[in-house]
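We use all heavy atoms of the structure for the numbers below, so side chains are in, but hydrogens, waters and symmetry mates are not. In what follows, chains carry the letters A, B, and so on, assigned in the order in which the sequence lines appear, proteins first and then strands, with residues in each chain numbered from 1.
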Amino acid sequence: MPQVSSPPTFQWIGRNPPRKESIDKVTGRALYIDDLKFEGVLYGKTIRSAVPRGILKNISFLPGVPWGEFTIVTAKDIPGKNIVSLIELDQPFLVEREIKHAAEPIALIAHPDKGLVEKAMNFVKIDVDELPAILTIDESLSGKNIQWGTDNIFKTFHIRRGDPDSIWSKADVVVEGEYWTGAQEQLYIEPQGVVAVASREKGVTVWGSMQCPFYVQKGLKPLFDLPEDKVRVIYTVTGGGFGGKEEYPTLPAAHAALLSWKAGGQPVKIIYDRIEDMWATTKRHPCRTRIKSAFSRDGKLAALKIDATMDGGAYATLSAVVLSRGTLHSFGPYKCEHAVIDTRAVFTNSPPYGAFRGFGAPQTIFAIEQHMDRAARTLGIEPDELRLKNILRKGDAMPTGQIMKEDPGVDGVLKKALDESNYLEKRRAYREHNHADSRVKKGVGFALFFHGAGFTGSGEVFLDSKAGVELTAEGGVRILSANTEIGQGSFTTHSQIVAEELGISYEMVEVATPDTAVVPNSGPTVASRTCMVVGEILRKAAADLREVLVKSGHLPGGRHTPEEFRRAALRYRETQGELKVFSKYQPPSGIHWDDKTYTGEAYGAYAWACYVSDVEIDMTTCQVEVLDFVAVQEVGRVIHPVIAKGQIEGGVAQAIGWALYENVVLHQGVMQNIQLTNYILPTTADTPPIRVFFHEHPYPNGPYGAKGLGELPMDGPAPAIAAAVAFAIDRNIASIPILPETIFEATNG
Amino acid sequence: MRTYLPEFDVVSPRTLDEALRVLSQNPPPTPLAGGTDLMVLMNAGQLKPGAYLNLHSISDLHRPIEEAGKEIVFSALTTYSEARRHPLVRRCLPMLGIAAREIGALQIQSRGTWAGNIVNASPAADGVPALMAYDTRVELASHSGTRTVNLCDFYLGYKKTVRRPDELITAIRISIPADRRIEYYRKVGTRKFQAISKVLLAGVIVLEGRRVEKIRLVFASVMPFTYRARQTESILQGRDIDSGLIAEALDVLKQELNPIDDIRSTARYRLGVAARLFEEFLQKARMK
Ligand SMILES: Cc1cc2nc3c(=O)[nH]c(=O)nc-3n(C[C@H](O)[C@H](O)[C@H](O)COP(=O)(O)OP(=O)(O)OC[C@H]3O[C@@H](n4cnc5c(N)ncnc54)[C@H](O)[C@@H]3O)c2cc1C
């Protein structure tokens, strides 16, 4: 366990060294995938279905372009298995017979002239016998059109604690509600892109924009029927991911590699433009949540029944895991001895929904927090008072049975947020204002929530992650990890952790490019795990490396200067050669999780937070403006305050988009508004000052006490904003995005 | 970019005469001004291959903004930035300054032209309503001569205008309005900036005492083209403004407008908000 001293006397932890990659990025030296030049490159494009469901009859290549010069790939050209290796083996790389969604890849074409490939796209004709499609959750569950398994259900989860059915009839008050959250596009700045070189002799090499090189490697092996050492995947500077580059890049990587294979090993580049990226790639799962709750008249939560359904789209992909996290965050930071939670992810003929910051949690957190507000209104109790009566405290159990061994400090986080935002005073003042003024309505609202960091339950144990450090020729240290820098600052925070542990300068630490041929598999860059879980593995590896230098007599046992370390490292390399030290994930003790009953410690650590939003609505146009935003969170230890604050601010802005602007308009299961002129994101003019406050309560199993925080800010803003809007217009808000049109209808009914 | 460039040609004439001659060919090339509408189409693969007429090589089409009698005259290539900066425009035609400021951001404002906004004929164009509310006339030149049309008669339907393919806009003549007018310009977009309008009202009213001497009501994004609400104007014209008249006019307006339903908004919202903007404008005038 690291020494957690208070007040901290750290050299690098809690400080703000310049980010490892920032100079390259601001000077334009950083090379993104589309900047990389490859001799003799072919440009690849993906021919996709235009209908949500049907039987593929024929692909014809019409006269008008010199088809003889093109490389063309269909399912028939696949050397190995035409199946994307994820949780279920249901998704093909290219359609063989049945089309399942209206963006599904059917064929691939490539040519050295980029413009000519674009032109050729209009000369491919796809003949399909259309079949009836499933376009909504209700159609999927109606049992009339079964397309997946026996019931269209990818996965269900059930949590049971106590017996809510014994409570309803004797409860003082029963509150019921249904909540809806729409899809959301990740909208990383750099669209999906890869380059592949593939041949039977040399194997497959892929460069690309991605979060998880080893996921791509795992996907490509069976496709080409190649062993691990013949498939190499190299991360290139990645312009954002937000989950959108977790599982998806396997598809373009496979497509580029198939084209290269067919073209005899010529490099093939596939870069999606924004239109294709928004049309075809994954988005946040739409989710419908129904909640029934029983309260005593004085506001004690007596029973809870939650039923959530996520739209998974046409293939299983990661829906089961997204659903799991949604399930485990659905009950909020509240104590309830009688709770039943049933969730499911269902099939529809939409492109598969996928990973997105928060990973299912924002959806169910929105529902439970709106529901708590609805209950407060029904009971005539102020929302903050209702929360305080029900929050988890020391010794309380979550519906999963996870006991709060220490007080999680939820009331402290709540109090701080209400104080900083002047919440109570604003409630009073705004109520008066709204009474007197009908032109501008004001509102303030909050959300109280937690986010479990790292993989759910036994996930981290299955991942069995490994990471390491090695001595460099300059006497510094290089980090060997598969975890990618996607704008979140992981190269920097990892370097700080290693520098701190080794007592060397931050500048002496470098980070190896995540390349499956060079770095060990330290697990995916997802789930707010990179700093907390991989950071701790790296800290241990660094401690072990130091141990080797001490044991071999190169370094004194006690304190040393960075210069002493450098000399020791150089001497070691001279006499003994290279030194690489790896460490593996070790599950913290006292953590037990039962996947069958969904009981136990779902997560080793939770970050706790309260967000408050202050809004104004112009009732002439029904436009909402967020005027002030307070984000208070307890995250263990802040490794790099500027990066941590940036994560919160960025996440809040992204969630303001989800709450107020981003409306994925579906037609035939696919997104229609696939250009930035009509998929509306907030700009800086639409985002308020975001005031960020951290509480630090060091977590013994994270590096220097750190817990995950990257996804946390996606959870709170939507329910906080919805609560503020509901207060302003004195009506329940049950769905997002809350568009001006929504408020117009709600107030003109 | 979803486009095969070899299928596109750009012609760069030196003089207006030469340009008009080229335009008289069949098929005529498409004028290319700032390109801020055309290039978006090109990127999405929706721009028709063929010949394009570069207007930037013709110095005649790029004259400074000038005052001519009771008019302020823009040339074909006058941009939003030029209008924003121009003292005369700021003083006499403030709505143009507001419109220019709310169109795109600096890059678009420095490149996009008023003429392009007019000819592109988007129902959501933000520059056109302000021009129309100021009684603007458009000069159309072709090889066979020059004619002037009122901007409020320029649109015939969705993306349909009176301009023939062989005609160029060579000048935009905006009448300097009466000093004692009251103006209203409000754009309701999908967000604060960099937004396409969902509803927009540009209005001018001149009162003689309480009597409405002149009124212009121009809506964007409500109808399939920039729409001057003439019926509602005529109800107000010549009458004393009071709450009764406003209510009466509001009813007429709600009948007159038949809003579009599209990916950006609903017809109900558009009608409701258009009516509220109208009311806001007239109340402002009444209070003066
Ligand atoms: C990011 C972005 C933001 C934008 N924001 C806004 C906004 O907020 N509000 C808004 O209204 N618009 C907006 N636009 C649209 C566009 O900028 C405007 O419509 C602009 O005025 C077009 O002018 P242009 O010179 O660039 O036209 P071009 O693209 O060059 O041409 C547009 C059309 O006009 C024709 N044309 C141009 N000049 C002449 C002429 N002299 N005679 C005959 N025909 C001619 C062309 O043939 C073409 O059909 C935006 C565009 C972008 C890309």
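- Looking at Asp273(A), the atoms closer than 4.5 Å to chain B (heavy atoms on both sides) all sit in the side chain, from C-beta outward.
- With chain B as partner, the option from Leu676(A), Thr677(A), Leu681(A) having the largest number of non-hydrogen pairs under 4.5 angstrom is Leu681(A).
- For the pair Arg228(B) and Tyr134(B), the cation-pi criterion (under 6.0 Å, within 45° of the ring axis) is not fulfilled.
- Relative to the ring axis of Phe225(B), Lys160(B) does not place its NZ or CZ within 45° and under 6.0 Å from the centre.
- When heavy atoms are compared at a cutoff of 4.5 Å, Asn663(A) does not approach chain B at all.
- The candidate with the highest count of non-hydrogen atom pairs below 4.5 Å against chain B, out of Cys622(A), Ala120(A), Gly115(A), is Gly115(A).
- Ion pairing between a basic and an acidic side chain is recognised when a charged N comes within 4.0 Å of a carboxylate O; Glu256(B) and Arg230(B) show no such pairing.
- Side chains of Leu200(B) and Phe219(B) form no contact here, defined as non-hydrogen atoms less than 4.5 Å apart.
- Between the side chains of Glu190(A) and Ser209(A), a donor-acceptor pair is found at a separation under 3.5 Å.
- Heavy atoms of Met619(A) lying under 4.5 Å from chain B belong exclusively to its backbone.
- When each of Arg2(B), Met1(B), Gln194(B) is scored by its heavy-atom pairs under 4.5 Å with chain A, the top score falls to Arg2(B).
- Only the backbone of Thr3(B) has a heavy atom closer than 4.5 Å to any heavy atom of chain A.
- For Asn122(A), no part lies under 4.5 angstrom from a heavy atom of chain B.
- Only the side chain of Ile196(B) comes within less than 4.5 Å of a heavy atom of chain A; its backbone N, CA, C and O stay farther away.
- Using a 4.5 Å cut-off between heavy atoms, Ala195(B) makes no contact with chain A at all.
- Looking at Tyr679(A) and Glu185(A), their side chains never bring a donor and an acceptor atom within 3.5 Å of each other.
- Remark: Lys441(A) does not engage Glu616(A) in a salt bridge, criterion side-chain N to carboxylate O under 4.0 Å.
- Interface residue Glu741(A): backbone and side-chain heavy atoms are both found under 4.5 Å from chain B.
- Contact tally against chain B (heavy-atom pairs below 4.5 Å) for Lys45(A), Glu625(A), Arg274(A): the top residue is Glu625(A).
- Of all the listed residues (Val665(A), Asn678(A), Ile275(A)), the one sharing the greatest number of non-hydrogen pairs under 4.5 Å with chain B is Ile275(A).
- The most heavy-atom pairs under 4.5 Å with chain A, out of Arg270(B), Glu7(B), Glu280(B), come from Glu7(B).
- Electrostatic pairing of Lys187(B) and Asp126(B) counts as a salt bridge here, judged by a charged N lying under 4.0 Å from a carboxylate O.
- Salt-bridge formation is detected for the pair Asp34(A)/Lys269(A): a Lys NZ or Arg NE/NH1/NH2 atom is positioned less than 4.0 Å from an Asp or Glu carboxylate oxygen.
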